[in-house]
2 protein chains.
Amino acid sequence: MREISIGEAARQSGIKVTTIRYYEERGLLPAPPRSDSGRRMYDAATVERLGFIRHARDLGFRLEDIAELLALQGQPGASCAPADSLARRHLSAVRARIAALHALEMELERMVSGCDHTDTAHCRVIETLSDHARCIADHPAGVTGELDTAGARGAG
Amino acid sequence: MREISIGEAARQSGIKVTTIRYYEERGLLPAPPRSDSGRRMYDAATVERLGFIRHARDLGFRLEDIAELLALQGQPGASCAPADSLARRHLSAVRARIAALHALEMELERMVSGCDHTDTAHCRVIETLSDHARCIADHPAGVTGELDTAGARGAG
DNA sequence: CCTACTTTCTACAGCGACTGTAGAAGCAAG
DNA sequence: CTTGCTTCTACAGTCGCTGTAGAAAGTAGG
């Protein structure tokens, strides 16, 4: 199974053609050999690598971190401490994000459940937003802003 | 208290000067009158409006939705159904996001807890990523990709 | 008045991870 | 040959800002 086209690689990995090219540009994939007419020709190993990337992306890792994980994967003798540490840091970020979203969830719940659906002059939603008394806005969680796009991938 | 400078408005609302200008550009704020030398002069009502925006942003509403909420706020007789519906949709998005992040959290937990810290050849983290057997990657939650930046604001 | 510092102004580039567009070329089938 | 799909490059757009550059205007102290 040599000579896999970019379209075929996309089908096998579940990553779009344009995204594959983007990963190459960002250094996550080596520049592959080209056909006479200039088309990218991939091998099975590269498609494997794409699977690794997809899985890591689905877990919300950033491309920069994925590059590091790929590098670690390539050195079979090295300590796995960096990979472990990276994953743990990411887990912390995910948890912080969940906590922050829980706070939002609660305030949003209070907002919509308290609305009696008459008109905007008495709308709880508008009222809540207009009233900037202290609420989550004043202690905006310890979220570092790191984790943002996890899980937002389309189902293809 | 007429003639509030942009810097003063920023201080009072907790929104940065550059962000206020950005909101104006995006149509969330009306273009304010200018001083002789061309500087923006705000009034108390606009600072109130900024407070509304900040609160809504802290709750994770998108600027486009905030513009709609602001418009609704401005028509005291209108039905609050659109605002209510918007808030409910947003709450659903937040919940979906939490669910997706919970799935990530669990897989990340399995990953880091199973790692025995020897070397990358046996690292559970690397292994898990390399093995693209079915997992969350294959049923990537019903997250629409809508909600992403909520709560990621700095503590200023 | 002069200097130094701060604020404000405009306009544009950059972030992250893509997605979409435009226009050209290659390739396979009818 | 034509049609239609794939691939190519290069660049703009998404979202909600943030940062930069360079200029002008304001404020405080000497």
Side-chain angles (χ1 to χ4, degrees), chain A residues 3-11 13-29 31-42 50 53-54 56-67 90 93 97 140 143-154 156, chain B residues 3-11 13-29 31-42 50 53-54 56-67 90 93 97 140 143-154 156:
Chain A
E3 319 287 276
I4 301 166
S5 74
I6 194 170
E8 184 54 30
R11 244 163 275 130
S13 65
I15 294 178
K16 289 182 186 170
V17 169
T18 46
T19 308
I20 293 176
R21 283 196 284 252
Y22 174 68
Y23 286 166
E24 179 183 328
E25 194 186 314
R26 299 304 309 276
L28 293 182
L29 292 176
R34 303 287 188 120
S35 73
D36 288 352
S37 59
R39 301 185 169 202
R40 292 171 178 81
M41 297 183 305
Y42 295 101
L50 279 169
I53 295 173
R54 170 143 153 67
R57 280 298 296 137
D58 284 334
L59 285 170
F61 285 97
R62 294 180 311 155
L63 295 190
E64 197 183 329
D65 292 340
I66 295 174
H90 184 56
R97 193 104 183 83
V143 174
T144 55
E146 228 184 290
L147 186 72
D148 270 341
T149 54
R153 311 269 305 283
Chain B
E3 319 285 276
I4 302 165
S5 73
I6 194 170
E8 185 53 31
R11 243 163 276 130
S13 65
I15 294 178
K16 290 181 184 171
V17 168
T18 47
T19 307
I20 293 176
R21 284 194 285 251
Y22 174 69
Y23 286 166
E24 180 184 327
E25 194 188 312
R26 300 303 310 276
L28 293 181
L29 292 177
R34 303 287 188 121
S35 73
D36 288 352
S37 60
R39 305 189 164 196
R40 293 170 178 81
M41 298 183 302
Y42 296 100
L50 280 169
I53 295 172
R54 170 142 152 69
R57 280 297 297 139
D58 283 334
L59 285 169
F61 286 97
R62 293 180 313 156
L63 295 190
E64 196 185 329
D65 292 340
I66 295 173
H90 184 58
R97 192 105 183 82
V143 173
T144 56
E146 229 184 291
L147 187 73
D148 269 342
T149 54
R153 310 270 304 285

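Worth saying up front: this structure is predicted, and the values here are computed from it rather than measured. To find a chain, count down the sequence lines: A is the first, B the second, and so on, and within it residues start at 1. Keep in mind that the numbers below use all heavy atoms, side chains included, and drop hydrogens, waters and symmetry copies.
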- State the CG-CG distance between L63(B) and L28(B), to the nearest 0.5 angstrom. 5.5 Å
- Message: Minimum heavy-atom separation for P32(B) and E24(B), please, with both atom names.
- Response: CD-OE1, 3.4 Å
- Item | Distance, rounded to the nearest Å, where I20(B) contributes CD1 and dT8(C) contributes P | 9 Å
- Looking at E8(B) and R11(B), does any basic side-chain N land under 4.0 Å from a carboxylate oxygen? yes
- Message: If the cut-off is 4.0 Å, is Y22(B) near the phosphate of dC15(D), judged by side-chain N/O to OP1 or OP2?
- Response: no
- The answer to which of R39(B) and R26(B) contacts DNA chain D further toward the 5' end, by nearest nucleotide, is R26(B)
- Please test R34(B) against R39(B) for side chain to side chain contact (heavy atoms under 4.5 Å, CB included), starting from the C-alpha separation and ending with a verdict. CA-CA 5 Å; R34(B) 303 287 188 121; R39(B) 305 189 164 196; 6.0 Å; no
- Find the distance K16(A):NZ to dT19(C):C1' and express it as a whole number of Å. 7 Å
- Message: So, does R40(A) get its side chain near the phosphate of dT7(D), meaning an N or O under 4.0 Å from OP1 or OP2?
- Response: no
- Given atom CG of L63(B) and atom P of dG16(D), what is their separation to the nearest angstrom? 4 Å
- Task: For the side chain of R57(A), starting at C-beta, report the closest nucleotide among dC18(C), dG16(D), dT7(D).
- Result: dC18(C)
- Task: Take the protein atom CD1 of I53(A) and the nucleotide atom P of dG16(C), then report the distance between them rounded to whole Å.
- Result: 17 Å
- How is R21(B) classified with respect to the nucleic acid when contacts are heavy atoms under 4.0 Å: base, sugar-phosphate, or nothing? base
- Query: CZ of R34(B) versus C1' of dA24(D): gap in Å, rounded?
  - Reply: 14 Å
- When the distance from CD of E64(A) to C1' of dG16(C) is rounded to whole Å, what number comes out? 10 Å
- Task: Calculate the interatomic distance between M41(B) atom CE and dT7(C) atom P; express it in whole Å.
- Result: 19 Å
- Can you find a side chain N or O atom of S37(B) that sits less than 4.0 Å from OP1 or OP2 on dG26(D)? yes
- Message: Whole angstroms only, please: what is the CG-P distance between D65(B) and dC15(D)?
- Response: 11 Å
- Could you tell me whether the phosphate oxygens of dT8(C), OP1 or OP2, come under 4.0 Å of any side-chain nitrogen or oxygen in S5(B)? yes
- Enter the distance from L50(B):CG to I4(B):CD1 here, rounded to the nearest 0.5 Å. 9.5 Å
